[in-house]
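Naming convention: chains lettered A, B, ... in sequence-line order (proteins, then strands); numbering from 1 in each chain.
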2 protein chains.
Amino acid sequence: MKNKIKELRKSAKLSQEELAKLCYVTRQTINAIENEKYDPTLQLAFSIASVLNTTVDELFINEFTKN
Amino acid sequence: MKNKIKELRKSAKLSQEELAKLCYVTRQTINAIENEKYDPTLQLAFSIASVLNTTVDELFINEFTKN
DNA sequence: TTGAAATGTCAAATACTTTTTACATAACAA
DNA sequence: TTGTTATGTAAAAAGTATTTGACATTTCAA
């Protein structure tokens, strides 16, 4: 799933490691999500959105469309 | 994580099984999420929100973020 | 009251997410 | 250039989500 994490993280002048700490996950997890290796858990999605002062719906671009 | 799925599903007059089919998951998955056995994946959270005509941020109540 | 539909639950298997450790490269300032 | 910080990546292990099949209970309309 596409997301705006890298963009918003840079706007907030945070490194991947700093964002990771604020979200209580590892740097590798943030890196993998930014590079779309996999999607975060819902919990982590909320945590990242919160730290980046946005919402899950704004941060992630939902590809799901019925038909 | 708390959610409003059961409430909104009933408003939409859908059974767990019908909602499940619309989200391409099983009835047991919807049941488990409604009863908070575990959280859905981010993908499924978007899918459920979409089917129930709402947003992920409205549908789920994040205890840490508190929206 | 009866029967069907809906819901709750469980266990085993499979798939996906996160951590840990480690190493490589990139970016960048001194 | 040199050193430091930031980023990309990988593999193994642990943790979490989903499916499948099954059975029990609850709900509710006829």
[X] [atom1] to [N] [atom2]: how many Å, rounded?
X: A:Lys21; N: D:dT5; atom1: NZ; atom2: C1'; result: 12 Å
X: A:Ile30; N: D:dA6; atom1: CD1; atom2: C1'; result: 14 Å
X: A:Glu36; N: D:dG8; atom1: CD; atom2: P; result: 12 Å
X: A:Glu17; N: D:dT4; atom1: CD; atom2: P; result: 16 Å
X: A:Tyr38; N: D:dG8; atom1: OH; atom2: C1'; result: 13 Å
X: A:Asn35; N: D:dA10; atom1: CG; atom2: C1'; result: 14 Å
X: A:Leu44; N: D:dT16; atom1: CG; atom2: P; result: 13 Å

Outermost nucleotides of DNA chain C that come under 4.0 Å of a non-hydrogen atom of chain B:
C:dT7 to C:dC10

Sugar-phosphate only, base, or nothing, as touched by [X] at under 4.0 Å among non-hydrogen atoms:
X: B:Thr41; result: sugar-phosphate
X: B:Thr29; result: base
X: A:Ile33; result: sugar-phosphate
X: B:Lys10; result: nothing

Would you tell me whether A:Ser47 and A:Ser50 have side-chain atoms, one donor and one acceptor, within less than 3.5 Å of each other?
no

Point-to-point distance, once rounded to the nearest 0.5 Å, from CD of A:Glu34 to CD of A:Glu7:
11.0 Å

Rounded to the nearest 0.5 angstrom, the CD1-CD distance for A:Ile48 and A:Gln43 is 11.0 Å

Which heavy-atom pair separates [X] from [Y] by the least distance, and what is that distance?
X: A:Leu19; Y: A:Ile5; result: CD2-CG2, 3.8 Å
X: A:Thr29; Y: A:Tyr38; result: CA-OH, 4.0 Å
X: A:Arg27; Y: A:Ala20; result: N-CB, 3.6 Å

Are there any protein N/O atoms within less than 3.5 Å of an N/O atom in nucleotides 24-30 of chain D, and if so, which ones and at what distance?
none

Sort out for me which residue in B:Leu52, B:Asn3, B:Leu14 forms a side-chain contact (heavy atoms from CB on, under 4.5 Å) with B:Leu8.
B:Leu52

Give a yes or no on this: more than 12 heavy atoms of other residues, nucleotides or ligands lie within 6.0 Å of atom NZ of A:Lys6.
yes

For atom CD of A:Glu58, is the number of surrounding heavy atoms from other residues, nucleotides or ligands below 6.0 Å larger than 12?
no

For the side chain of A:Gln28, counting heavy atoms from C-beta on, which of D:dT20, D:dA10, D:dT18 is nearest?
D:dA10

